[in-house]
Structure formats: C-alpha cells, structure tokens
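Here is the structure we will look at, set down as structure tokens.
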Amino acid sequence: MFKRLLPFVLAAFILLPSLSGCGYNQIQKNEEAVTAAWADVEATYQRRADLIPNLVETVKAYASHERETLQSVTEARARVGQVNVSAEDLNDPAAMQKFQAAQGELSGALSRLLVVAERYPDLKANQNFLDLQHQLEGTENRINVARQRYNQSVQVFNSSIRTFPNNLTNKFLLHLERKEPFQAETGAEKAPQVKF
C-alpha cells in the first residue's frame, strides 16, 4: 500500500514548492496594493473638495465682484463630485480619463481663484485666506504623492500579471486585466509662462 502511494507523495513534495512560486498569492497582494493606493488618491481629492467651500466663502467676502471665477470653482467642484471611479473601474481607460478631466478642470478653476488673490492685497493679507491657501497647497502635494504611489502600485501589479510564470497563473486562474495609471494632462509637458 505504501509503495503505491509513494509516487504520489513524492510528486506532492516536488509540486508544492513550485505551486508557491506560481505567483497566485503575490498577484492578489499586488492587486490589493493598487486598490489601497487608489483609496489614498480618492482621500486626497476628497480633502481638496472639502476645503474648496471654505476657500470660496473666504474669497467671497473680499472679492464679491469676482463672481464668475468663484462660480466656476463651485461648478467644477460639483462636477468632480459626480465623477467617481471605483476599484473595479481601474482597468477602464475611459472612466479614468473622465475622472482625470474633471479633476483637471477643478485644478484650473483653483488656479484662476489664486490669481484673484494676487489682484486684491486685502484678500492676500487675510489670515484665513492664507491658512486655506497653505492647506490647499499641502493637499495638492499630497495628491501628487498619492498619484505617484498609485502609479508605482499599478506598475508592480501590471508587471506581475505579464511576467513568467505569473502570466500563466493569471491567464488560467485569475483572468485579471491591467490597471490604468494616472497620465499627465494634455499640455502638461509645456512649462507655464510667468508674466508680470
């Protein structure tokens, strides 16, 4: 009886280490890392969206005649709230592009709002505005870091499902698709011009 089972036992001892090297668990870990990194990106965008109403209210008190700029910030913030990307959409290029376009529109509106502050010395000197401006600047830095970490996670994940032997594990067991990284907005390759 033992002699009949011996080949199976030996085969199990040989195959078990090779199964642990097939990358199944690592691919799962890499996908979870992408999801966690995306959650960080969303959290930093949410922080910015939460700050904007306070920023707009502060500016309103000092520059009531800049209604058009303030209105565009408010509308861009509202549109950002309507475009959400879930973890399931991370491999959908169209959804990612729509999300990035909405965030880019909000960034442009905020840039115009900061120009308003430059035009009005009273607003620029206001402590509340300065505090909000610093928080907004910190948030933009956090968004940039979160994007970079997300792209690193996507790179690790995409590499793990495309390289041997993990690509076989993915092809026959997991069937996962590549995730979409953040890409620079159109025209971002040109440095902005500073005019005085």
Side-chain angles (χ1 to χ4, degrees), residues 15-53 55 72-113 135-192:
L15 289 177
L16 278 177
S18 65
L19 283 176
S20 66
C22 72
Y24 184 89
N25 290 337
Q26 192 58 49
I27 291 173
Q28 302 284 354
K29 287 179 186 175
N30 292 343
E31 187 177 36
E32 288 300 319
V34 170
T35 304
W38 178 251
D40 289 343
V41 170
E42 285 188 319
T44 52
Y45 277 128
Q46 185 62 51
R47 175 187 163 86
R48 180 171 73 170
D50 292 343
L51 279 173
I52 287 171
L55 183 60
S72 68
V73 172
T74 305
E75 290 172 359
R77 190 229 180 254
R79 278 192 288 277
V80 161
Q82 296 169 353
V83 180
N84 293 319
V85 174
S86 67
E88 291 80 30
D89 295 329
L90 295 179
N91 50 12
D92 182 358
M96 291 293 289
Q97 198 170 29
K98 190 175 176 185
F99 180 82
Q100 289 183 53
Q103 293 294 341
E105 187 179 340
L106 181 57
S107 295
L110 285 174
S111 296
R112 289 191 296 278
L113 181 61
Q135 288 187 34
L136 208 53
E137 182 182 312
T139 302
E140 294 299 321
N141 289 336
R142 289 181 189 194
I143 288 172
N144 190 38
V145 170
R147 282 177 175 173
Q148 289 174 347
R149 289 180 180 162
Y150 170 74
N151 280 349
Q152 288 169 356
S153 300
V154 167
Q155 181 187 11
V156 169
F157 173 78
N158 288 345
S159 297
S160 72
I161 64 170
R162 296 182 65 194
T163 54
F164 183 82
N166 295 1
N167 61 339
L168 298 176
T169 303
N170 187 49
K171 182 177 181 180
F172 295 113
L173 294 177
L174 297 172
H175 311 289
L176 299 174
E177 296 181 23
R178 348 180 17 255
K179 307 293 184 192
E180 287 295 318
F182 262 105
Q183 297 177 357
E185 296 173 22
T186 306
E189 69 278 3
K190 295 177 184 173

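Between Leu174 and Gln28 the shortest side-chain heavy-atom distance falls below 4.5 Å. Two residues are said to be in side-chain contact when any heavy atoms from C-beta on lie closer than 4.5 Å; Gln103 and Val80 meet this criterion. For the pair Arg79 and Glu75, the minimum side-chain heavy-atom distance is below 4.5 Å. With contacts defined as side-chain heavy-atom distances shorter than 4.5 Å, the pair Ile52/Leu106 qualifies.
A side-chain donor-acceptor contact under 3.5 Å links Gln46 and Asp50. Side-chain polar atoms of Arg48 and Thr139 form no donor-acceptor pair below 3.5 angstrom. Counted by atom type alone, Asn144 and Glu140 present zero donor-acceptor pairs between their side chains at under 3.5 Å.
What you find for Trp38 and Val85 is that their closest heavy atoms are NE1-O, 2.9 Å. Nearest heavy-atom pair across Glu177 and Asn91 is CB-ND2, 3.6 Å. Heavy-atom minimum distance, Arg47 versus Gln135: NH2-O, 4.0 Å. Of all non-hydrogen atoms in Ser72 and Ala109, the two that sit nearest each other are O-CB, 4.0 Å. Here the closest non-hydrogen pair linking Phe164 and Asn167 is CA-OD1, 3.3 Å. Minimum heavy-atom separation, Lys179 to Phe157: CG-CD2, 3.5 Å.
Between Phe99 atom CZ and Leu90 atom CG the span is 10.0 Å, to the nearest 0.5 Å. The line from CG of Asn158 to OG of Ser153 is 10.5 Å long, rounded to the nearest 0.5 Å. In this structure, Gln100 CD and Glu180 CD are separated by 9.0 Å, a value rounded to the nearest 0.5 Å. Once rounded to the nearest 0.5 Å, the distance linking CD of Glu31 with CG of Leu176 reads 4.5 Å. Distance check: Asn30 CG to Ile27 CD1 gives 7.5 Å after rounding to the nearest 0.5 Å. Note that CD of Gln148 and CD1 of Ile143 are 12.5 Å apart. Values are rounded to the nearest 0.5 Å.
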Practice task
Check the pair Asn141, Glu137 against side-chain hydrogen bond (donor to acceptor under 3.5 Å, both in side chains), reporting the backbone distance first and the verdict last.
Solution key: CA-CA 6 Å; Asn141 289 336; Glu137 182 182 312; 4.7 Å; no
Practice task
Assess whether side-chain contact (heavy atoms from CB on, under 4.5 Å) is satisfied between Asn166 and Ile161, documenting all intermediate values.
Solution key: CA-CA 6 Å; Asn166 295 1; Ile161 64 170; over 6 Å; no
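The aromatic rings of Phe182 and Tyr45 sit tilted relative to each other, their planes meeting at an angle between 30° and 60°.
Side-chain atoms of Arg77 come within 3.5 Å of backbone N or O of Ala49 as a donor-acceptor pair.
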